[in-house]
2 protein chains.
Amino acid sequence: MSAFAPTEARLDVTRAKYPDFPRGPAVLVRLIKHLFKEIHDEANALLRPYGLNHPEYNILMMLYGSPDNSMHPSALADAAGEKSANITRLTTQLCEKGYVARSGSDTDRRKVTLTLTPEGLALIDGFLPGIVTLLHKQTRNLTAGEQDQLEVLLKKMLAGFGE
Amino acid sequence: MSAFAPTEARLDVTRAKYPDFPRGPAVLVRLIKHLFKEIHDEANALLRPYGLNHPEYNILMMLYGSPDNSMHPSALADAAGEKSANITRLTTQLCEKGYVARSGSDTDRRKVTLTLTPEGLALIDGFLPGIVTLLHKQTRNLTAGEQDQLEVLLKKMLAGFGE
DNA sequence: TATTGAATATACATAAATGAACTATATACT
DNA sequence: AGTATATAGTTCATTTATGTATATTCAATA
């Protein structure tokens, strides 16, 4: 039935050996891992024809989510959840492909500005319809009300981190 | 305030440029990415003193979740969500560290059985208290009822994949 | 029983991510 | 001004993950 059932069975075995292991929290964590993996894999499959992988897509979308289509590498690292060294590598690739442009800042010459090129914007316009379809597909089992509920609960859970 | 607020701001910008982009589904997907990253990072930090990373921990726990503390590589790959080539590498490491033993199967000699050694079990006993504490910490913002609700919704969402 | 096909595990080459210096610029303090 | 401290970004070595090809074994069947 569900692909998650074996995970719950393993959890039962674990709890038989180690009764303190908390079922609820463990299930939630494993569900999130499973969902992340599914989301990640499906997005990767969709993006492959465009010559992009998931991290590259993320970077393009972070830039697209900025009013002027541009960000500094450190902000980008923060937004995309990548290490700054990785941002350098990924944005270099995107520059080489012509989707992103690097330019220096006048006010602070340490800073670098990364901006979507017209080609980058065109690429985004190209894959966004597929992404929209995918997003709807990935949440199709939830009603609008359930999506709202889920959003509230996930935000609440996330707020408990890093304190 | 919330570390998630900038993500929502970016989403608003995106929707201004591309109105079809579905807010609810996109928020859910990004929340799951954020949560996964936090969970992953915190677990890694906890496990580092034991000389383990998250995938290695996962493998140990999958074996521990089996009644006889053992599994075949392909089942392990499935359970841990890793590619089988990666399972070979990871279990080789764990064998070298003495936490897992490889042995051939009598009935089907293609198969290899991976089993937790006494040292592996002792290691698990060593880190499990910390894991239990971490799991409680990661879900502390949710009441028991909310955890149940969240579990139901996540399972429902997960069921929509791969059909 | 010999042969083909499918499944399993691994080896090897390639790609991606991380962590620890390193360079250059900016800010703060005396 | 001059020195220390902090920050931005990159480079490089190492670790980690993935994809492809290969070897081994079992099952089916001619």
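The basis for the numbers below is simple: all heavy atoms, side chains too, and nothing from hydrogens, waters or symmetry mates. The chains referred to below are lettered A, B, ... by the order of the sequence lines, with proteins before strands, and numbering in each begins at 1.
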I need the [atom1]-[atom2] distance between [X] and [N], as an integer number of Å.
X	N	atom1	atom2	answer
B/Leu94	D/dT16	CG	C1'	14 Å
A/Asn44	C/dA15	CG	C1'	13 Å
B/His72	C/dA7	NE2	P	16 Å
A/Arg109	D/dT10	CZ	C1'	17 Å
B/Asn53	D/dA17	CG	C1'	11 Å
A/Asp108	D/dA6	CG	P	17 Å
A/Lys83	D/dA17	NZ	P	13 Å
A/His54	C/dA17	NE2	C1'	16 Å

A side-chain contact here means heavy atoms from C-beta on lying under 4.5 Å apart; do [X] and [Y] qualify?
X	Y	result
A/Arg89	A/Thr92	no
B/Thr115	B/Leu63	no
A/Lys97	A/Glu56	yes

[X] side chain: which of [options] is closest?
X	options	answer
B/Ser74	C/dA16, C/dT18, C/dA9	C/dA9
B/Arg89	D/dA17, C/dT18, C/dA9	D/dA17
A/Arg110	C/dT25, C/dT18, C/dA16	C/dT25
B/Leu90	C/dA16, D/dA17, C/dG19	D/dA17

When all nucleic acid strands are considered with a 4.0 Å heavy-atom cut-off, which category describes [X]: base, sugar-phosphate, or nothing?
X	value
A/Thr107	sugar-phosphate
A/Ser84	base
A/Asn86	base

Determine to 10° how strongly the helix from C/dT1-D/dA30 to C/dT30-D/dA1 is bent, judged from the axes of its five-pair ends.
->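 End-to-end axis angle: 10°.
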
Lys/Arg cation over aromatic A/Phe4: B/Lys155, 6.0 Å, 45° cone |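 Judged by the rule, B/Lys155 and A/Phe4 form no cation-pi pair.
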
Worked check of ring pair (Phe, Tyr, Trp, His ring centres under 6.0 Å) between A/Tyr57 and A/Tyr50 = CA-CA 10 Å; A/Tyr57 160 78; A/Tyr50 297 93; over 10 Å; no

How do A/Arg48 and B/Gln93 order along DNA chain D: which one's closest nucleotide is nearer the 5' end?
->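 The answer here is B/Gln93.
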
Residue mapping more 5' on DNA chain C - nearest nucleotide basis, B/Ile87 or A/Pro55 |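 Nearest-nucleotide comparison on DNA chain C picks B/Ile87.
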
Check whether any side-chain N or O of A/Arg102 sits under 4.0 Å from OP1 or OP2 of D/dT10, and answer yes or no.
->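 For D/dT10, OP1 or OP2 has a side-chain N or O of A/Arg102 closer than 4.0 Å.
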
Nearest 0.5 Å, what's the OG1-CZ distance between A/Thr113 and A/Arg102?
->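 Answer for the OG1-CZ pair, A/Thr113 versus A/Arg102, is 11.0 Å.
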
Any side-chain donor-acceptor pair under 3.5 Å between B/Ser84 and B/Asn86?
->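 Checked: B/Ser84/B/Asn86 side chains show no N/O donor-acceptor pair below 3.5 Å.
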
hydrophobic_cluster_shared for A/Phe21 and A/Val13, side chain cutoff 4.5 Å =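 Hydrophobic grouping puts A/Val13 apart from A/Phe21.
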
